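Basis for what follows: all heavy atoms, side chains included, without hydrogens, waters or symmetry-related copies. This structure is a prediction, so every number in the text was calculated from the model and none was measured. Order of the sequence lines fixes the chain letters, A, B, ..., with proteins taken first and strands second; residue numbering starts at 1 for each chain.
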Amino acid sequence: MSHRAGLVLAVGAAAFAAFTTFVGAQYGAPPDFLALDLIQGLSFVVAGAAAVWLRPASPAGPLLLVGAIAWFAGSYAPTGEPALTFLGFAFERYYDVALAALLLVLSSPRQRFEPRWLIALLGVAFALRSFGRLFIALSCDECGFVNPFAVWVDDAAFTNVEVASNVAIAILLVVTGVTVLLRLARAGPVLRRARWMIFAAGALALTAGTFDALEYAVSTATGTLLLELDEPWAFVLEWGMFGARALVPLAVLLATLQIRRAPGPLGRLAAGLDRPVSAGTMSDSLRIALGDPSLRLLRPVGDGTWAAEDSTEVSLPGAGTTRTVTFVDGADAPLAAIEHDMALLDHPELLDGVVRVLRLALQNERLEGELREQLEAVTASRARIVTAAEEERRRLERDLHDGAQQRLIGVTLAIQQARAAAGNAPDAAAVSAQLDRAADETNHAIRELRELARGVHPAILQEEGLAAAVAGLARRAAIPVETIIELDGRLPQLIESTAYFLIAEALTNTQRHARAASGFVHVARDGDLVVVEIRDDGAGGADIERGSGLRGLVDRVAAINGTLVVVSPPGGGTSVRAEIPVP
Amino acid sequence: MNDLRAVVADDSVVIRQGVVRILGDGGFRIVGEAGDAPELMELVARERPHLAVVDIRMPPGGNAGLTAAIAIRERHPMVGVLILSQYLEPDYALRLLGAGVDRVGYLLKDRLASADELLDAARRVAAGGSAVDPAVVHELVRARRRDDRIGRLTDREREALALIAEGRSNRWIADRLGITTKTLEGMSGTIFSKLGLEEDPDVNRRVVAVLLYLNGPASG
């Protein structure tokens, strides 16, 4: 019901209350009756208005407002004015129909008027009673009043209609109560917890309604009351009966306001989801936030299918169950679905808040996943690039060795042959001198190529491993370099060559810049790591940010997931330490 | 004259032919050529030559020549092996010497530019001596130049030490240094005592002792 329609209905009910109270006062109804009647009736108006305002989707508000009008429709009885008295008598307690309908609606999973036949029959039974009370008069004289609306005067007919309609009302109210109880037994804990006050008050109201109807039936049939009480108990009983009905709107009001102040769980949910959590944790947080232990968080698997947190495929609950699904929509497709008790639909704000928090968490999770994937892709491509570069170096060294170097040696052999042949020539000495120079140049080129090939990728590293290659580095260094290589066997090629070039570059730096007297190289295995450390006793002050050589080393080590730390205090020597994971 | 039989193994035909020619001109009788390690092993087993000149890097891959050379030293101790290498790596020379101190040589291919140097090394190895490339020895000596014990040697003693490490005979070294063999023997005793090494009359064992010393951890 829209706010506007609800407001009109509430104002109408209030106006009707004012009218009946005014009329009652005019025709001499006792003030205490009017006051109690007004207070109790107004509780329907207030609760109905609040429910319509705060929970426009719920039928509770309109039903309570209809109940309010029904309440005041029966408020004429004690005025002493025959027309008003008989109207009031005929149309009293229709609020029991509204209350029965309310309880049926609130206990139904989808908040529908069901079963309709029960509400309809109840309406018919009340209508029958109204009909009898309005149009069939008793013949008795001592009754005091003459019914101005009476069409027939027939004691038996009046009694039959009164007893039949009241028994029907009593039975239908009991059926209503049993229906509600059965539904509660089947419903989830969410529904029971959220509405227990309403159902407790409803039980009292239905009991009171049944008692009233039975009382009418028995007293009409036998002339004696079901429960004979002295004052003040008769007064207490009568108002207790009314009060029992008035408790229902009160309970609705409390339940409505209680849901209203329930943002607490949301805060806790948000606090729990501000970092990546497992699917199980996320579901648990949702269960706590929404108070539904049966809740399940479903993820889209593609093609419109869904999976529970244990990755089993599930189908969404269909119609006719007490379960429903709330989707957490993403930019173009649902991010997730919450399968939950239908009663949670009563708490749209809570559900909406949870969905918003969950959307944030899921989007966050997805973004982090994408980021991680990209990072993995970049890391993998960097590793591929490094591997390719390493392969390229090895190929280059092979090409130099088998190609250029080999050919130049061939050239020296040819020169030598030419020299032998020139031995007989007239200008042998001059030719021989030329050939000697050519041989020298060629040998020089061979030596240069040998150094170049070793710099590109030393064959001894590939053939003999890190220890032999590093020993060569130390041997050729301009300063004494102590090497301690503590390795059992070989390491993966990429790690060996990374460590080798790290040591080579660091030793070069040491000799070029550090003005060091000696160096120290230590390579050791530490669990799944290879630790490579190069130290010198030089000037220190090396800075990764300023030396492209160091920067290159950091990148090279990082490319195989290692870390490189340079400690180089001015005057305190330089230590380059790399930790490289061995797969 | 052609009483020294040799085989040559190198996957480069140009180099193999060059070596064959030099050795042939130098008086060796070439009894076979091989392009890879298995072929070489077969050839050596069949011919039992005085000398096998072997390229360090050959098919089937890696330093198959070195591996084959070490195998030849073990299976056929009377066959001299001269490794030709493009690597200035003392480790390889030491590895080869570790398989048998005599009848081995490690020569850089640069030496092919001089027929005499190749022939000289080949003859020494074939005759039961040893030959280590001067560049390899030089690198070892250079690496040890700060060693106090090496520092105690005179320039001439250091020169003699290098020549000893190359596997030269006493006579050759004495000629080179322009001294008598007797003087060299005295100098050699001084060198060994300064280095704290035990003097060994066997030339080849002396080579290994010196090389191992040079390659060993720095002392002093």
Side-chain angles (χ1 to χ4, degrees), chain A residues 397-398 400-420 435-436 438-454 458-465 467-484 517-518, chain B residues 10-22 25-26 55-59 61-67 84-92 94-95 108-119 135-136 138-148 214-220:
Chain A
E397 188 272 340
R398 209 161 45 232
L400 281 176
H401 182 276
D402 297 345
Q405 280 178 289
Q406 210 82 302
R407 279 177 200 287
L408 282 176
I409 290 162
V411 170
T412 64
L413 286 166
I415 290 171
Q416 199 191 103
Q417 219 166 351
R419 195 192 288 127
L435 288 174
D436 280 350
D440 279 352
E441 283 299 310
T442 312
N443 254 338
H444 200 72
I446 290 172
R447 282 194 293 274
E448 278 186 359
L449 275 182
R450 183 161 60 217
E451 290 307 309
L452 181 63
R454 184 154 65 185
I460 195 165
L461 175 63
Q462 178 158 3
E463 299 301 332
E464 309 296 322
V470 171
L473 281 177
R475 202 163 47 228
R476 292 187 296 275
I479 55 169
V481 174
E482 188 186 348
T483 60
I484 298 179
S518 66
Chain B
D10 196 313
D11 52 328
S12 158
V13 179
V14 173
I15 293 178
R16 198 166 71 216
Q17 286 175 346
V19 171
V20 165
R21 183 175 48 74
I22 294 170
D25 290 352
D55 180 14
I56 192 168
R57 185 146 139 177
M58 270 200 305
N63 291 332
L66 182 65
T67 317
L84 291 182
S85 168
Q86 296 192 34
Y87 307 128
L88 182 46
E89 301 285 1
D91 281 39
Y92 290 142
L94 285 164
R95 194 113 73 79
L108 290 177
K109 282 190 177 176
D110 317 14
R111 306 294 162 202
L112 295 185
S114 160
D116 292 342
E117 286 186 55
L118 174 63
L119 275 177
V136 172
H138 178 73
E139 182 169 314
L140 285 173
V141 173
R142 205 179 69 90
R144 297 301 295 259
R145 68 194 175 282
R146 282 192 188 73
D147 186 329
D148 281 355
L214 290 174
N215 194 49
S219 56

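With chain A as partner, the option from B:A143, B:G62, B:A113 having the largest number of non-hydrogen pairs under 4.5 angstrom is B:A113. Contact tally against chain A (heavy-atom pairs below 4.5 Å) for B:Q86, B:Q17, B:R95: the top residue is B:Q86. With chain A as partner, the option from B:D91, B:V19, B:D10, B:V14 having the largest number of non-hydrogen pairs under 4.5 angstrom is B:D91. Contact count versus chain B (heavy atoms, under 4.5 Å) is highest, among A:E482, A:R419, A:Q417, A:R447, for A:Q417.
Take A:E448 and apply the salt bridge (Lys or Arg N to Asp or Glu O under 4.0 Å) test, not counting sequence neighbours, and it matches no residue. For A:R476, the salt bridge (Lys or Arg N to Asp or Glu O under 4.0 Å) partners two or more places apart in sequence, or in a different chain, are B:E139.
With a 4.5 Å cut-off on non-hydrogen atoms, A:A477 touches chain B through its backbone but not through its side chain. Contact of A:I446 with chain B is made through the side chain alone, with heavy-atom distances under 4.5 Å. For chain B, no part of A:D440 is nearby; none of its heavy atoms comes within less than 4.5 Å. Proximity to chain A involves both the backbone and the side chain of B:L88, based on heavy atoms less than 4.5 angstrom apart.
Atoms CG and CG, from B:N63 and B:D55 in turn, are 9.5 Å apart once rounded to the nearest 0.5 Å. Between the CG atom of A:D402 and the CG atom of B:D11 there is a distance of 6.5 Å, given to the nearest 0.5 Å. Interatomic distance, A:Q406 CD to A:I409 CD1, rounded to the nearest 0.5 Å: 5.5 Å.
The pair B:E89-A:R475 meets the salt-bridge criterion, since a charged nitrogen lies less than 4.0 angstrom from a carboxylate oxygen.
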